[in-house]
Amino acid sequence: MSQHSNESEIRDPNDVIDEYEQTLDEVLAEVDAPEPDDDGVSLDLPGLSLNRRDFMKAGAAVGAMGAAAGCSGLSNGSGSPGGSQSDGGSAADHLVAPGEHDEYYGFWSGGHSGELRIVGIPSMRELTRIPVFNTDCASGYGYTDRSTEMLEDAGDYTWGDNHHPNLSETDGDYDGEYLFVNDKANGRIARVNLTYFETDAITDVPNMQAIHGCTVLSPDTKYVLGNGEFRAPLPNDGTDAANPDEYTSLLVAVDPESMQAQWQVKVDGNLDINDTGKEGRWVIASCYNSEEATAIQGMTKDDRDNVKAFDVPAIEQAVENGNYEEVNGVPVVDGTQESPLNQGDRPIVKYVPTPKSPHCVEVGPNGDYAFIAGKLSPTVTMLDINKLADSSDPEEVVAGRPRVGLGPLHTTFDGNGHAYTSLFIDSQVAKWDIQQAVEAETGSEDPIIEKQDVHYNPGHIQALEAMTTDPDGEWLVCLNKLSKDRFLPVGPIMPDNDQLIHIGDGESSMELVADHPAYPEPHDCVFAHRDKIDAKKVYDPADYEETYIEEADSGVERTGENSVEVKMTTKRSEFGLPDFTVQQGDEVTLKTTNIESVQDIIHGVAIPEHDINYAVAPQDTQHVTFTADDPGVYWIYCTYFCSALHLEMRSRMIVEPAED
Ligand code: K7E
Ligand code: CUA
């Protein structure tokens with residue numbers, strides 16, 4: 001193969017690196033000694049500053065670096081300042097021997113693939129995938145009647161963009177019942193049943209176009225809370241479409257059982273990421289567009305945006321008092337700054353100014369502080385949750401603001417007083433001391449303990465059970481957006497790189513242990529110890545409203561002039577009917593029960609030329625409905641390799657020509 005013709009345009013990687021490092025030096029110089037910007041758009045803040053155009057340049061330089069090198073031109077460079085190996089954890093420790101199980105479940109969002117992935121920790125082996133907002137021909141999700149009806153009722157979209165998986169909690173700990181996840185693309189929230197590891201409900205939330213932040217209300221999952229990221233008219237019916245001043249963002253509270261929206265709160269600015277305090281009162285959400293702009297220049301204009309603290313009992317009281325406007329069936333409470341509900345002793349939403357297009361909100365294990373990463377500010381702002389109720393001075397509730405590095409996005413915890421913040425631009429994880437950050441001055445780097453290089457450009461980071469009141473430490477996963485040179489090239493759409501980092505109990509240095517390629521594009525993950533998850537291996541028919549089909553029930557029944565119902569069992573290695581006959585034009589409902597009660601014996605039902613394939617797990621009943629359009633013989637075959645006679649596991653659908 002000859003080289004591509006644009007070879008002359010490929011630059012010497014060393015030049016690119018030199019240029020990149022120079023740019024970052026300029027950025028750092030600017031941060032340390034800010035100069036007023038000529039267009040008046042600067043990021044001057046107490047103790048920290050960053051010129052926006054240089055920031056953009058730095059971002060571009062990160063991208064331009066290509067595969068030539070890591071992003072270690074900045075800060076300490078090498079991960080462990082001491083240069084020593086940590087005493088616990090190593091590449092070997094993360095390997096799980098053949099036949100052994102992982103200690104933790106990892107639940108990964110799948111981004112715009114629409115699915116979830118289940119990954120064992122510490123091995124990083126992918127165990128399975130759960131289709132949520134997508135369709136999946138391996139399981140038949142989006143093909144079977146049950147799943148299709150659910151997807152149709154939830155807006156009939158073929159994709160979604162899930163970012164934030166959340167495990168249901170009882171008494172502040174994971175109860176293993178459900179996982180909830182947002183769909184940023186279509187303003188939906190889905191529920192995954194962790195008994196069967198399958199999506200069992202999706203709600204298309206009224207009045208919201210994009211739901212980004214998604215969390216459950218600790219400690220008992222009273223609500224699933226979704227943040228409306230994109231401001232839009234309320235209702236979005238054409239009124240005020242050309243008048244962005246009238247757009248609004250909403251927080252929604254969804255009941256976890258009925259999956260119905262209970263109330264919404266409209267706010268000034270927008271809402272990005274959220275988390276809740278540990279006592280069931282506060283929902284804390286970041287806002288990067290306090291400017292209420294519709295384009296990037298405007299959204300990044302102001303030095304400060306805000307964090308909003310929603311007082312849940314106060315909002316419930318407002319709803320109870322009838323202080324709302326009903327829009328598309330949902331009570332919408334006014335939480336804007338001008339709202340009468342925000343004027344008295346107990347405002348329903350507190351606005352806390354925060355630098356500078358903040359991103360994540362993560363509440364620490366003991367519930368004292370919410371950690372808000374600055375994104376365009378190199379700091380993390382710590383909100384003192386205990387002061388939220390009584391303080392009327394927003395600055396008073398800021399407990400600390402360490403300078404962690406460039407592009408901080410997300411923070412996680414080891415339960416031993418350390419926070420770990422991902423640095424998107426620096427391509428590093430910064431480990432820092434929470435108490436020291438409270439004591440240090442704003443913008444101080446003193447609380448920083450060490451930085452670990454990662455590859456490349458991390459978004460979320462998550463340590464084991466870091467979102468509970470009792471994090472387990474030991475392992476941290478850093479979800480990097482880019483992998484560049486870390487894997488064999490597989491064409492231009494490269495995998496992300498989820499990196500496993502050993503953190504132990506937090507006393508030793510971080511150690512990078514494994515790379516793990518991820519299909520586009522996980523954003524976040526959450527971990528539960530395996531003892532907290534109780535997955536069934538065989539369906540219990542009592543858990544579903546389906547008529548169980550016995551072998552003797554197999555047969556064809558005409559249910560209307562142009563409709564038939566076909567029932568048949570599946571078992572090794574035969575379908576309940578060797579063949580069945582329908583008329584051309586019939587709407588066929590094919591119902592199948594897998595009468596096996598042995599774990600791991602799955603049968604598939606594939607009908608060629610009818611676009612149908614689905615799995616039936618032991619003791620499950622599934623059905624599909626389709627039209628037999630064309631006369632002929634269609635072999636039905638099993639798609640799961642179930643026995644030595646799997647290939648022989650077939651049936652025939654005979655479609656008789658319609659009579660003229
Ligand atoms: Cu930071 Cu959608 Cu959680 Cu992506 S969000 S990284
Ligand atoms: Cu049943 Cu293959």
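Whatever order the structure lists ligands and atoms in, that order sets their numbers, starting from 1. The basis for the numbers below is simple: all heavy atoms, side chains too, and nothing from hydrogens, waters or symmetry mates.
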- So with a 6.0 Å cut-off around OH of Y637, is the heavy-atom count from everything else above 12? no

- Message: Tell me whether atom 4 (Cu) of ligand 1 has H523 as a neighbour, meaning an N, O or S atom of it below 2.8 Å.
- Response: yes

- Item | Pick from K481, H460, H163: the one approaching atom 3 (Cu) of ligand 1 most closely through a non-hydrogen atom | H460

- Item | Rounded distance [0.5 Å steps], OH in Y178 versus CG in N166 | 15.0 Å

- Tell me, please: is L409 in heavy-atom contact with ligand 1, that is, under 4.0 Å? no

- Relative to the heavy atoms of G459, which atoms of ligand 1 are at a distance of less than 4.0 Å? 6 (S)

- Query: Atoms of ligand 1 less than 4.0 Å from H212 heavy atoms?
  - Reply: 2 (Cu), 5 (S)

- Hey, what's the angle at atom 2 (Cu) of ligand 2 spanning ND1 (H646) and SG (C638), nearest 10 degrees? 120°

- Item | I273, portion touching ligand 1 at heavy-atom distance under 4.0 Å | side chain

- Query: Are any of the side-chain nitrogens in R650 or E574 under 4.0 Å away from the carboxylate oxygens of its partner?
  - Reply: no

- Task: Heavy-atom contacts with H164 under 4.0 Å: which atoms of ligand 1 show up? List them by number with element.
- Result: 2 (Cu), 3 (Cu), 5 (S)

- Element-labelled atoms of ligand 1 that are located less than 4.0 Å from some non-hydrogen atom of H410: 1 (Cu), 3 (Cu), 5 (S), 6 (S)

- Mark yes or no: R188 above the aromatic ring of Y157, with NZ or CZ under 6.0 Å from the six-membered ring centre and no more than 45 degrees from the axis. no

- Task: Taking both backbone and side-chain atoms into account, decide whether Y640 has an N/O/S atom under 2.8 Å from atom 2 (Cu) of ligand 2.
- Result: yes

- Task: Kindly assign one of parallel, tilted or perpendicular to the pair H410 and H164, based on the angle between their ring planes and the thresholds 30° and 60°.
- Result: tilted

